[in-house]
Protein chains: 2
Amino acid sequence: MESRCEHCIVRQFNSLRAMTKDELKKVSDAKIYKKVKKGEALFEEGQKLDGVYCVREGVSKLSKLSTNGKDQVVKLATKGAVMGQRSVIAGEHTNLSAIAVNDMEVCFVPKENILDALQKNPDFAVEVLRHMAHDLKEADDVIVNMSQKTVKQRVAEAFLYLRNNFGEDHEGYLLLTLSREDIANVVGTATESCIRIISEFKKKGYLSTSGKKIKISDEKGLVELVQGF
Amino acid sequence: MESRCEHCIVRQFNSLRAMTKDELKKVSDAKIYKKVKKGEALFEEGQKLDGVYCVREGVSKLSKLSTNGKDQVVKLATKGAVMGQRSVIAGEHTNLSAIAVNDMEVCFVPKENILDALQKNPDFAVEVLRHMAHDLKEADDVIVNMSQKTVKQRVAEAFLYLRNNFGEDHEGYLLLTLSREDIANVVGTATESCIRIISEFKKKGYLSTSGKKIKISDEKGLVELVQGF
DNA sequence: TTAAGAATATGATAATTATCAGTTTTTACC
DNA sequence: GGTAAAAACTGATAATTATCATATTCTTAA
């Protein structure tokens with residue numbers, strides 16, 4: 001299903017909302033709609049990107065391979081996120097791989113459209129800057145968490161993050177289901193350690209599960225753990 | 001000692017080089033030259049900044065207090081760096097504290113000058129974007145290192161970083177001397193652990209010291225350790 | 001110059017986390 | 001529906017890292 005960017009709701013969540021009608025028309029004419037299946041890569045670390053991807057549906061993990069052979073998930077991108085922006089602006093190869101966590105719909109926007117608008121539309125440039133500034137702050141927070149919190153605290157935080165950013169269904173189960181391995185790669189720990197901690201959380205009543213689905217059953221408990229009680 | 005931004009060499013290293021003569025003149029007229037003594041704060045986490053700081057001389061650590069009461073150094077800013085940019089652009093309180101690691105000279109530039117130029121000069125906006133994109137990439141790398149490398153590897157990396165970014169004197173001693181505690185806060189570990197690892201590196205011949213000064217005496221050894229041999 | 005305080009260093013020990021090996025459960029596909 | 005493969009789980013153990021206690025060295029200021 002294709003449609004015009006001008007009417008795309010997703011745009012409201014990202015920097016493209018600062019584009020003029022004319023710029024948006026050009027983007028809409030040039031964009032390429034794409035479906036990406038769960039597990040497929042949108043792009044891989046080290047690749048040169050010819051444009052950015054605007055996420056209409058689904059979730060992608062942005063990860064980087066460490067020298068020890070493990071993947072570290074740096075960020076999860078969902079509806080409204082623009083991926084590849086950093087690399088297109090810097091004119092560098094991407095530092096991250098983007099892999100679909102579930103089935104996705106994205107629009108590929110050629111970099112010329114973005115770079116042109118940056119040069120001609122200060123509002124757009126400032127809007128992109130604001131988003132990047134926000135990302136940078138979040139990255140700083142992640143650095144502090146990674147270095148100063150225990151694995152247990154980070155796992156707890158990950159679940160709170162998943163709930164706050166991707167929501168839960170009417171029964172309270174997290175809408176975004178990640179594999180234990182993916183969670184471990186977000187948290188930066190071994191898969192077994194992650195599993196063990198999840199088991200522990202279940203025993204303590206912080207989490208409960210039903211098949212693959214996970215529910216936060218004691219938010220307060222998790223929050224206190226994160227804060228160090 | 002004050003002087004005009006137009007003739008300031010430091011500017012060549014940061015986004016201010018993309019300013020027009022006129023913009024630069026305004027900045028130069030408005031800027032406030034400041035000396036900051038070792039250990040003093042330029043600004044503290046949570047503060048609202050009215051402008052940015054351009055570093056002319058000296059080094060500042062940008063750090064964030066963790067909930068466990070420890071400081072995590074997220075970045076070291078030296079000659080040419082612009083501090084506070086992220087927070088001024090996002091219009092948010094700073095997420096980091098800036099503390100002088102040695103005596104510094106900085107110029108404070110009111111935010112109006114920056115925000116005006118962003119709106120009126122696309123070249124400047126794009127240049128700032130490029131810098132921020134670069135910072136973001138570096139932050140991603142730090143996240144991966146923090147989560148996937150051992151403390152020992154991170155300490156080794158820290159010394160290579162200090163040499164590559166701040167240089168060494170004619171005898172090979174690192175020009176930037178950090179306390180063991182500061183190094184620990186960069187690496188994200190306990191001070192004692194950091195000291196122990198430095199002792200071990202000395203025994204293995206990777207490092208040697210003379211009073212407070214530290215010299216990398218076996219770069220290859222350090223590099224191999226970082227890569228996991 | 002010397003005494004106090006800070007920084008550096010080391011030892012002993014506990015806590016955390018990773019690794020390896022193996023089992024059970026779930027999923028996907030013929 | 002049955003089966004092979006993948007994912008989730010558990011136990012035992014080793015490795016890493018933090019913590020606490022204390023000693024030593026270096027700085028600084030009266």
Side-chain angles (χ1 to χ4, degrees), chain A residues 37-39 61 66-72 99 101-103 145-159 174 177-204 207-214 225-226 228-229, chain B residues 37-39 66-72 101-103 145-159 174 177-204 207-214 225-226 228-229:
Chain A
K37 287 219 189 80
K38 175 177 176 174
K61 55 178 173 178
S66 169
T67 42
N68 67 5
K70 280 194 189 164
D71 251 352
Q72 174 65 35
I99 315 258
V101 164
N102 43 35
D103 291 352
N145 282 342
M146 283 293 175
S147 56
Q148 305 286 356
K149 295 202 167 149
T150 63
V151 173
K152 210 173 283 184
Q153 288 176 310
R154 271 148 45 209
V155 172
E157 219 168 28
F159 281 110
L174 295 176
T177 307
L178 292 178
S179 71
R180 302 293 194 258
E181 189 181 1
D182 279 342
I183 298 174
N185 290 346
V186 168
V187 166
T189 189
T191 306
E192 298 95 321
S193 300
C194 181
I195 289 173
R196 249 182 264 277
I197 289 169
I198 291 174
S199 301
E200 189 191 324
F201 284 179
K202 284 202 276 183
K203 271 185 206 140
K204 290 199 176 150
L207 300 176
S208 57
T209 55
S210 163
K212 279 206 68 140
K213 292 166 140 195
I214 295 184
L225 198 151
V226 169
F229 296 123
Chain B
K37 289 221 187 79
K38 175 176 174 173
S66 168
T67 41
N68 67 5
K70 280 194 187 164
D71 249 353
Q72 174 66 34
V101 164
N102 44 35
D103 290 352
N145 282 341
M146 283 295 175
S147 56
Q148 304 288 355
K149 295 201 166 149
T150 64
V151 173
K152 210 173 282 182
Q153 289 177 310
R154 277 159 26 218
V155 172
E157 217 167 29
F159 281 110
L174 294 177
T177 305
L178 293 180
S179 71
R180 303 294 193 258
E181 190 181 2
D182 278 342
I183 299 175
N185 289 347
V186 168
V187 167
T189 188
T191 307
E192 298 96 319
S193 300
C194 180
I195 288 173
R196 248 181 263 278
I197 288 170
I198 290 174
S199 301
E200 188 192 325
F201 284 179
K202 284 202 278 186
K203 272 184 204 139
K204 290 198 176 151
L207 299 176
S208 58
T209 56
S210 164
K212 278 207 68 137
K213 292 166 139 194
I214 295 185
L225 198 151
V226 170
F229 296 124

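So that the names make sense, note that chain A is the first sequence line, chain B the second, and so on, each numbered from 1. Please read all numbers here as calculations on a predicted model, not as lab measurements.
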Between NZ on residue Lys212(A) and OG on residue Ser210(A), distance to nearest 0.5 Å: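 Answer rounded to 0.5 Å: 12.5 Å.
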OG1 of Thr67(A) to CD of Gln153(B), rounded to nearest 0.5 Å, is 6.0 Å
Side chain to side chain contact (heavy atoms under 4.5 Å, CB included) partners of [X], counting only residues at least two apart:
X: Ser208(B); answer: Lys215(B), Ser217(B)
X: Lys37(A); answer: Glu40(A), Asp103(A)
X: Gln148(B); answer: Ser66(A), Asn68(A), Lys70(A), Gln72(A), Val144(B)

Tell me the interatomic distance from [X], atom [atom1], to [N], atom [atom2], rounded to whole angstroms.
X: Lys149(A); N: dA18(D); atom1: NZ; atom2: P; value: 16 Å
X: Gln148(B); N: dT17(C); atom1: CD; atom2: P; value: 14 Å
X: Asn68(A); N: dT17(C); atom1: CG; atom2: C1'; value: 14 Å
X: Leu178(B); N: dA7(C); atom1: CG; atom2: P; value: 13 Å
X: Met146(B); N: dT17(D); atom1: CE; atom2: C1'; value: 15 Å
X: Glu181(B); N: dT27(D); atom1: CD; atom2: P; value: 17 Å
X: Gln153(B); N: dT17(D); atom1: CD; atom2: C1'; value: 14 Å

Could you go over nucleotides 23-30 of chain C and give all protein N or O partners under 3.5 Å, atom names and distances?
none

Using a heavy-atom cut-off of 4.0 Å across all strands, would you classify Ser193(B) as base, sugar-phosphate, or nothing?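 Touches a base.
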Scan Thr189(B) against the nucleic acid and name what it touches under 4.0 Å (heavy atoms): base, sugar-phosphate only, or nothing.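 Here Thr189(B) touches the backbone only, sparing every base.
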Taking only residues two or more places apart in sequence or in another chain, which ones pass side-chain hydrogen bond (donor to acceptor under 3.5 Å, both in side chains) with Asp71(B)?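 Asp71(B) satisfies side-chain hydrogen bond (donor to acceptor under 3.5 Å, both in side chains) with no residue once adjacent residues are dropped.
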By side-chain hydrogen bond (donor to acceptor under 3.5 Å, both in side chains) - contacts of Lys152(B) (at least two apart):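 Lys152(B): side-chain hydrogen bond (donor to acceptor under 3.5 Å, both in side chains) contacts with Glu200(B).
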Atom pairs, protein N/O to nucleotides 9-16 of chain D N/O, distance under 3.5 Å:
unit_1	atom_1	unit_2	atom_2	d
dC9(D)	OP1	Arg180(A)	NH2	3.4
dC9(D)	OP2	Arg180(A)	NE	2.5
dC9(D)	OP2	Arg180(A)	NH2	3.0
dT10(D)	OP2	Ser199(A)	OG	2.9
dG11(D)	N7	Arg196(A)	NH1	2.9
dG11(D)	O6	Arg196(A)	NH2	2.9
dA12(D)	N6	Arg196(A)	NH2	3.3

Contacts of [X] that satisfy salt bridge (Lys or Arg N to Asp or Glu O under 4.0 Å) - sequence neighbours left out:
X: Lys61(A); result: Asp182(A)
X: Lys213(B); result: Asp169(B)
X: Glu181(A); result: none

Please tabulate, for the side chains in residues 184-198 of chain A, all donor-acceptor contacts under 3.5 angstrom to protein atoms that are two or more places apart in sequence or on a different chain.
none

How far does the helix from dT1(C)-dA30(D) to dC30(C)-dG1(D) bend, going by the axes of its first and last five pairs, to the nearest 10°?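 The angle, to the nearest 10 degrees, is 50°.
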